[in-house]
Protein chains: 2
Amino acid sequence: MASDSKAVPDQASRRRQIARAALNCFRRSGFHGASMQDICAEAGMSAGALYRYFPSKAAIIVAIAEAERESHALMFQPLEEAADPLAALQELGANFIRQQLDGTSELLTADVLAEAARNPDVKAALERNAAFAHETVTRALLRGQDLGVVDPDLDVAAACHLIIALGDGLCTQLGGPAQLSADRIVQALQTMLQRFCRPVGGRA
Amino acid sequence: MASDSKAVPDQASRRRQIARAALNCFRRSGFHGASMQDICAEAGMSAGALYRYFPSKAAIIVAIAEAERESHALMFQPLEEAADPLAALQELGANFIRQQLDGTSELLTADVLAEAARNPDVKAALERNAAFAHETVTRALLRGQDLGVVDPDLDVAAACHLIIALGDGLCTQLGGPAQLSADRIVQALQTMLQRFCRPVGGRA
DNA sequence: ACCTGAACACCGTTCAAGT
DNA sequence: ACCTGAACACCGTTCAAGT
């Protein structure tokens with residue numbers, strides 16, 4: 001709290017405005033497909049003006065990735081509190097897939113991953129997101145072990161790695177050859193998570 | 001067989017030479033990071049010459065993707081013949097992960113996926129690869145059901161979708177926050193596949 | 001103080017001109 | 001016949017000049 005709270009658009013809301021415009025453009029044409037001119041037009045300002053608020057195109061991606069982390073935090077919330085963390089993880093997976101097929105999802109597209117390979121700031125932002133997801137899922141599985149709903153011999157860290165890779169893969173996937181219904185994929189995912197994580201003896 | 005078999009470099013070997021040079025450049029700097037000038041330099045020819053053999057930068061990716069499909073076919077071979085298709089799938093997964101962590105792998109990077117979102121030819125090439133993988137894994141699981149090593153109630157198509165998404169995710173992943181050993185990931189993957197696919201009653 | 005938009009150094013691609 | 005490399009239309013980014 002250093003200065004502001006005026007009626008004129010401040011730095012932060014300007015940045016949000018630009019990020020929102022950019023997100024529209026990226027969704028339409030991808031990160032490299034959308035030009036700065038497009039983004040400027042969509043945001044209703046000139047190139048020079050935009051560069052007052054973001055030092056580069058990549059910096060816009062970083063801002064979007066950071067916003068995405070907040071929305072993930074919301075999505076992951078139930079994992080922390082649920083009475084049955086494994087059931088909550090299955091539920092989360094179902095929501096995730098539905099959101100993915102809706103196209104409602106924000107933007108963890110292949111484009112962004114590709115940019116991360118070249119730009120250290122983007123890479124760092126995505127790694128923060130991945131670390132957050134990893135930690136949250138890890139905590140849920142450990143708690144599941146304490147509660148007896150997760151196999152106590154499961155290698156939780158390695159399992160998380162796979163589960164998150166699966167999530168990433170579902171994000172970037174090309175529809176798939178056959179057109180499977182969301183329900184069938186959701187069902188299969190729940191079966192996979194259940195069988196993979198539950199204690200070896202039991203059926204629940 | 002229309003014309004050739006001379007000592008001078010023919011069309012096909014020229015194309016291979018360019019594709020190899022491009023692959024080196026892409027590995028170094030990614031698809032967008034590598035300029036055509038870089039590729040020309042690496043291949044030892046001018047821009048005009050290169051464009052005699054490939055109509056665009058994207059066309060080079062398509063050629064690489066097609067070569068990758070052949071190498072996948074080789075990798076998937078055991079699935080078709082193995083006495084235990086589920087065991088063969090686990091083995092394939094282990095090889096896949098090791099190859100991934102070696103950096104030995106060809107190029108199903110985020111870059112290429114990103115390009116597919118914008119270029120229909122690249123997209124078509126990747127879809128051919130995905131369809132091939134999907135069909136092969138599907139056949140293996142169906143055969144596993146016949147042989148009694150795979151749960152007869154498993155939704156094979158949906159399971160394949162998840163397994164291939166997992167493979168894609170492992171390809172594009174950013175190392176992961178913690179540095180897990182390949183062995184632990186391999187072990188977890190085998191557990192996951194085994195528990196997911198085997199008949200519900202049994203242990204083998 | 002803040003914005004504009006032409007200018008800069010690049011990119012992928014083309015094509016007149018060379019050999 | 002095949003190749004060269006300057007030229008073209010773009011891109012992300014900058015910065016003199018305006019208000």
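Convention: sequence-line order gives letters A, B, ...; per-chain numbering from 1. Just so you know, these numbers come straight off a predicted model, no measurement behind them.
Nearest heavy-atom pair, Phe196(B) versus Met192(A), reported as atom, atom and distance to 0.1 Å: CD1-CA, 3.4 Å. Contact record, Ala114(B) with Ala114(A): CB-CB, 4.1 Å, taken as the closest heavy-atom pair.
Between Met45(B) atom CE and dT4(D) atom C1' the separation is 13 Å, expressed in whole Å. Atom CZ of Arg14(A) is separated from atom P of dC2(C) by 10 Å (rounded to the nearest Å).
An OP1 or OP2 oxygen of dC2(C) is reached within less than 4.0 angstrom by no side-chain nitrogen or oxygen of Tyr53(A).
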Study note, to complete from the structure: Readout for nucleotides 5-15 of chain C: B = base within 4.0 Å of protein heavy atom, S = sugar-phosphate only, - = neither; 5' to 3' it is B-----SSBBB
Review point. So what does the secondary structure string of DNA chain C come out as, 5' to 3', with Watson-Crick or wobble pairs under 3.5 angstrom, [ ] for crossing and | for pairs with another strand?
Key: ||.|||||...|||||.||
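Using the six-membered ring where Trp is involved, Phe132(B) and Phe76(B) have ring planes that are parallel, under 30° apart on the 30 and 60° scheme. Ring geometry for His32(A) versus His32(B): interplanar angle under 30°, hence parallel rather than tilted (30 to 60°).
The line from CG of Leu166(A) to CD1 of Ile163(A) is 8.0 Å long, rounded to the nearest 0.5 Å.
Partners of Phe54(A) according to the ring pair (Phe, Tyr, Trp, His ring centres under 6.0 Å) rule, which considers only residues two or more places apart in sequence or in another chain, do not exist here.
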Point to revise | Step-by-step salt bridge (charged side-chain N to carboxylate O under 4.0 Å, His left out) determination, Glu81(A) to Arg143(A) | key: CA-CA 10 Å; Glu81(A) 302 158 356; Arg143(A) 202 157 64 80; over 6 Å; no
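Checking each of Met36(B), Lys57(B), Arg14(B) against Leu50(B) for a side chain to side chain contact (heavy atoms under 4.5 Å, CB included) leaves exactly one that passes, namely Met36(B).
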